Amino acid sequence: MGKSGRDWTQIYAIYGMEEGQTLVFLLIHAIFFSFLSVLFLIYFNPICDIFASLALPAGAARFAAGFTGSVTSISAVCLFFAAGNIFYSSVALHWDMAQRIVSAVNDWSTVKYALDVGCGRGILLNAVAMQLKKEGSSGRVVGLDRRKTTVSTLRTAGIEGVQEYVTCREGDARRLPFSDNYFDVVVSAVFVHRVGKEFGQRTAAAAAERMRVLGEVVRVLKSGGVGVVWDLVHVPEYVQKLQELRMEDIRVSERVTAFMVSSHIVSFRKPNHLLQPPGEVRLDWRCTNLC
């Protein structure tokens, strides 16, 4: 049972898993390496003879066979671990982090319009909608995704009983199809790092594309609005960009391992005017001890 009181099986039954192909790839290779490990264990002596036929001394042949078998076994364990972490990150951790993103906004009762950038199948989108419903708000949340996931996303909203609070729209996060100062809250979960990946994750061009997304998030936020982004690896870049854009109350969570890499939640507030110096970056204790 997660901190939100919902079992991972319930979450998976509703939302499925967006990283399914990666999980299958890892599991197939983990099973393959496990099979090889068993073969090395059962046929160790014949394998030693094969190495010995390569003109290796008997001792060296046994060492080579043992070393190869050990590497194969360790590879299988690592692949199983990676598959487990990706499954956990896609389901239980994603749900838990969605609840934490929602809790980063102090007052949902005054929120009229919220945006989830890169909504996918709607875990964070529906968490926001459920919070609006809980507050008795008349607000709405828009889920934006470039992929054609509208039908599946609205289906999950219907299952969660929040379809009247949810709207889905296809669009490019680098050119958000909304006017300036439109949303009270903008959120995003493990999405921004994917933008610009066609240029390579660690290239200047890819970084520029990610910064365009942040610029668009700031543009569509109302003055005094709150932005909350959970993402992988590149959060220090986001903090620097938010400072350059003179956002206020920038907070960064503790490191959380997700999808086998580091991740953080960064939250900020758009000031009522942009004449102040860059805000201080503070460590937020609310997101500690997640892994």
Side-chain angles (χ1 to χ4, degrees), residues 1-3 7-97 118 120-121 123 147 189-203 206-207 210 230-236 253-264 288-291:
M1 192 73 68
K3 296 179 182 178
D7 189 87
W8 70 267
T9 56
Q10 295 175 305
I11 304 168
Y12 181 75
I14 296 172
Y15 297 99
M17 182 178 171
E18 294 188 27
E19 301 293 334
Q21 292 180 338
T22 302
L23 180 65
V24 170
F25 175 85
L26 290 171
L27 285 175
I28 289 174
H29 284 77
I31 293 170
F32 174 72
F33 278 99
S34 298
F35 177 72
L36 286 182
S37 300
V38 173
L39 288 181
F40 267 91
L41 184 63
I42 295 175
Y43 299 104
F44 182 75
N45 288 330
I47 291 172
C48 289
D49 293 338
I50 293 173
F51 277 100
S53 68
L54 301 176
L56 289 176
R62 293 184 67 83
F63 174 81
F67 179 78
T68 304
S70 298
V71 170
T72 304
S73 301
I74 293 171
S75 298
V77 171
C78 290
L79 287 165
F80 276 120
F81 177 80
N85 182 263
I86 287 177
F87 181 80
Y88 168 72
S89 300
S90 298
V91 182
L93 180 62
H94 198 148
W95 175 265
D96 191 45
M97 295 298 278
R121 297 185 183 181
I123 291 182
R147 297 169 295 177
V190 286
F191 168 76
V192 180
H193 71 280
R194 300 176 184 173
V195 177
K197 65 180 181 181
E198 63 270 22
F199 300 107
Q201 287 292 339
R202 298 191 179 276
T203 64
R210 292 191 293 270
W230 170 42
D231 208 21
L232 313 177
V233 181
H234 303 292
V235 169
S253 76
E254 292 279 1
R255 177 184 181 273
V256 179
T257 300
F259 301 99
M260 298 299 293
V261 296
S262 65
S263 74
H264 299 79
T288 58
N289 299 324
L290 297 184
C291 56

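Heads up: numbering here begins at 1 and tracks the sequence. Not measured: the values here are computed from a predicted model.
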**Atom pair OG (Ser262) and CZ (Arg255), whose distance is rounded to the nearest 0.5 Å** = 5.0 Å
**Tyr43, OH atom: more than 12 neighbouring heavy atoms under 6.0 Å** = no
**Complete:** Residues at least two apart in sequence or cross-chain that pass side chain to side chain donor-acceptor pair (under 3.5 Å) with Arg194, listed by chain then number, are Glu19
**Request:** Work out which heavy atom in Leu27 is nearest to a heavy atom in Ala83; give both atom names and the distance.
**Result:** CD2-CB, 3.8 Å
**Message:** Would you compute the distance between atom CG of Asn85 and atom CZ of Phe80 and round it to the nearest 0.5 angstrom?
**Reply:** 15.0 Å
**Fill in**
So side-chain hydrogen bond (donor to acceptor under 3.5 Å, both in side chains) across residues 30-41, not counting sequence neighbours, yields Ser37-Ser73
**Asked** Which value, rounded to the nearest 0.5 Å, describes the distance between Leu36 atom CG and Ser75 atom OG?
**Response** 9.5 Å
**Prompt:** If you round to the nearest 0.5 Å, how far is CD1 of Ile11 from CG of Asp96?
**Reply:** 8.5 Å
Which donor-acceptor pairs under 3.5 Å do the side chains of residues 51-71 make with protein atoms, sequence neighbours left out?
residue	atom	partner	partner atom	Å
Ser53	OG	Ile50	O	2.4
Thr68	OG1	Ala64	O	2.7
Ser70	OG	Gly66	O	2.9

**Exercise: identify the closest heavy-atom pair between Gly16 and Arg121** = CA-NH1, 3.7 Å
**Request:** Could you list the residues that satisfy side-chain contact (heavy atoms from CB on, under 4.5 Å) with Leu232, not counting sequence neighbours?
**Result:** Val190, His193, Ala258, Phe259, Val261, Ser263
**Request:** Nearest 0.5 Å please: distance from the CD1 atom of Ile42 over to the CD1 atom of Ile47.
**Result:** 9.5 Å
**Any pair counted as ring-ring contact (aromatic ring centres under 6.0 Å, His included), so long as it reaches residues 10-40, sequence neighbours left out** = Tyr12-Phe87, Phe25-His29
**Message:** Apply side-chain contact (heavy atoms from CB on, under 4.5 Å) to residues Leu93 and Val256 and explain how you reach the verdict.
**Reply:** CA-CA 10 Å; Leu93 180 62; Val256 179; 4.2 Å; yes
**Item:** Partners passing side chain to side chain donor-acceptor pair (under 3.5 Å) against Glu198 (at least two apart in sequence or in another chain)
**Value:** Arg174
**Qualifying residues under side-chain contact (heavy atoms from CB on, under 4.5 Å), relative to Ala207, sequence neighbours excluded** = Arg210, Glu237
**Fill in**
Between Met260 and Ala82 the two heavy atoms that sit nearest each other are SD-CA, 3.7 Å
**CD1 on Ile123 to CE on Met97, rounded to 0.5 Å** = 12.5 Å
**Request:** Please list, chain by chain and in numerical order, all residues satisfying ring-ring contact (aromatic ring centres under 6.0 Å, His included) with His94, sequence neighbours excluded.
**Result:** Trp230
